[in-house]
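Notes to accompany the following structure.
Heavy-atom basis, side chains included; hydrogens, waters and symmetry copies ignored. Just so it is clear, the structure is predicted and the values come from calculations on it, not from any experiment.
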Amino acid sequence: MLGLSVGEKHFIQGGIAQDLRSDGRKRLTYRPIYVETGVIPQAHGSARVRLGATDVIASVKAELGKPSALQPDKGKIAIYVDCSPTAAPMFEGRGGEELSTELSVALQRCLLGGKSGAGAGIDPSSLVVVEGKVCWDLYIDGLVISSDGNLLDALAAAIKAALSNTGIPKVNVATETSGDEQPEVNISDEEFLQFDTSGVPVIVTLTKVGKHYIVDATSEEESQMSSAVSISVNRKGHICGLTKRGGAGLDPSIILDMISVAKHVSEQLINKLDSEIAAAEASDEES
């Protein structure tokens, strides 16, 4: 937790109440966002996202596996986040482990929908090669390099950018099999299928400080929050997931208002992220 003086706390809270935050932003304005893609050559896709002084990397690895018996028509997706101990003093020891788990669970809830896969922002059915027998397993890893608040939104943006950078090798089924036999498959070294990220949502976290809520809170602002609600919204304005942290309860009418605000803010965020990803991909091709 940040050790702020009483004066600093009043300054942060007073600024938010007057819609003028410490860094000059309004309550619903994000910090500048910067995207780099293809930052980890060994991965099938990767991206780095900087949001102010918050700096994160996401990478995607794809491996052939077997669908589960309960969901034979879906591939498997796992998301894991690691908080580097150098990112912030609170990440050393158990603090980093607990936050890593909290972020991993929140990202899975917001991006992968329920256990049935309903509401998933990343479509697992697109990962099936042979129903019930062969599928792609996606391993999505997030790394927090530097933390200055709003980690969940930054990680979700990095995952969206990494998936847009992901090329999954084309698989040809060499032999058809019957029963429980596994088919023979040939994995192409030259042909790759681009991952469709049009349905992948962004996460907008609304942090309540005093009577107001703000987006893209810094670490100092987060230290003054009573609660925060993270809402994942896709391009069509559909809510894909929602998660809350902080001890203070929220009236249902406030949550409905937060969802409405998140939908509005998400449009700007998606447009900005799309243009940053396109610019990063173009710069990748040039180099």
Side-chain angles (χ1 to χ4, degrees), residues 1-2 4 9-31 33 51-52 54 99 101-122 148-157 159-160 199-273:
M1 189 61 73
L2 294 171
L4 299 176
K9 290 176 183 177
H10 285 165
F11 180 72
I12 290 167
Q13 292 167 4
I16 289 170
Q18 292 173 33
D19 201 15
L20 182 63
R21 293 155 73 176
S22 309
D23 53 10
R25 288 182 291 150
K26 291 185 175 293
R27 286 194 285 262
L28 299 181
T29 306
Y30 271 79
R31 291 169 286 185
I33 187 166
L51 201 54
T54 291
L99 185 60
T101 304
E102 183 185 318
L103 289 167
S104 303
V105 169
L107 284 166
Q108 287 179 32
R109 194 172 292 161
C110 287
L111 300 179
L112 304 183
K115 286 186 179 176
S116 65
I122 303 171
D148 186 25
N150 203 24
L151 288 173
L152 200 58
D153 295 22
L155 284 162
I159 289 171
K160 186 175 173 73
V200 178
V202 293
I203 294 178
V204 175
T205 298
L206 291 159
T207 305
K208 194 162 188 287
V209 179
K211 293 180 180 177
H212 304 277
Y213 35 83
I214 56 174
V215 300
D216 190 21
T218 63
S219 294
E220 287 186 347
E221 289 169 336
E222 285 181 345
S223 72
Q224 301 307 300
M225 76 173 196
S226 55
S227 59
V229 174
S230 298
I231 302 155
S232 61
V233 189
N234 67 15
R235 194 180 303 279
K236 294 177 180 174
H238 296 159
I239 305 300
C240 300
L242 186 148
T243 183
K244 176 189 171 294
R245 61 193 168 93
L250 288 170
D251 188 270
S253 63
I254 291 178
I255 291 181
L256 288 173
D257 187 44
M258 283 179 150
I259 288 172
S260 172
V261 169
K263 282 184 176 183
H264 171 68
V265 172
S266 70
E267 285 181 35
Q268 302 162 26
L269 181 58
I270 287 171
N271 290 337
K272 175 65 177 164
L273 197 53

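- Using a distance-only test at 3.5 Å, with no hydrogens or angles considered, a donor-acceptor pair links the side chain of E221 to the main chain of T218.
- Residues C110 and S230 share a closest heavy-atom pair of SG-O, 4.2 Å.
- In this structure, the side chain of N271 engages the main chain of E267 through a donor-acceptor pair within 3.5 Å.
- Atom-to-atom distance recorded for K160:NZ and N234:CG is 8.5 Å, nearest 0.5 angstrom.
- Among all heavy-atom pairs drawn from I33 and A157, the shortest one is CD1-CB, 4.3 Å.
- Rounded to the nearest 0.5 Å, atoms CD1 (I254) and OH (Y213) are 7.0 Å apart.
- Judged by distance alone, the side chain of D19 and the main-chain N or O of K26 form no donor-acceptor pair under 3.5 Å.
- T54 places a side-chain N or O within 3.5 Å of a backbone atom of G149 that can act as its donor or acceptor partner.
- Between the S232 side chain and the G241 main chain, a donor and an acceptor come within less than 3.5 Å of each other.
- In this structure, the separation between CZ on R25 and CD1 on I214 is 7.0 Å, given to the nearest 0.5 Å.
- Between E222 and A217, the shortest heavy-atom contact is CG-CB, 3.7 Å.
- We find that R21 and E220 are not joined by a salt bridge, their nearest charged nitrogen and carboxylate oxygen being 4.0 Å or further apart.
- Y30 and N150 share no side-chain donor-acceptor pair at under 3.5 Å.
- Here T207 contributes atom OG1 and M258 contributes atom CE; the two are 8.0 Å apart, rounded to the nearest 0.5 Å.
- Shown here for L4 and S223, the closest heavy-atom pair between the two residues is CD1-OG, 3.5 Å.
- To the nearest 0.5 Å, atoms CD1 (I159) and CG (L107) are separated by 4.5 Å.
- In this structure, the separation between NZ on K9 and CD on Q13 is 8.5 Å, given to the nearest 0.5 Å.
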CA sep, side-chain torsions, deciding dist, call: L103, L152, side-chain contact (heavy atoms from CB on, under 4.5 Å)
CA-CA 7 Å; L103 289 167; L152 200 58; 3.9 Å; yes
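- Side-chain atoms of R27 come within 3.5 Å of backbone N or O of I16 as a donor-acceptor pair.
- Residue V233 comes nearest to I270 through the heavy atom pair O-CD1, 4.0 Å, listed as atom of the first residue, atom of the second, then distance.
- Looking only at distances, no side-chain donor or acceptor of R31 sits under 3.5 Å from a matching main-chain atom of D23.
- Put simply, the side chain of L206 reaches to within 4.5 Å of the side chain of V215, judged on heavy atoms.
- When side chains are defined from C-beta on, C240 does not count as touching L111, because their heavy atoms never get closer than 4.5 Å.
- K263 places no side-chain N or O within 3.5 Å of a backbone atom of V265 that could act as its donor or acceptor partner.
- Scanning both residues, D153 and V204, for their nearest heavy atoms gives OD2-CA, 3.5 Å.
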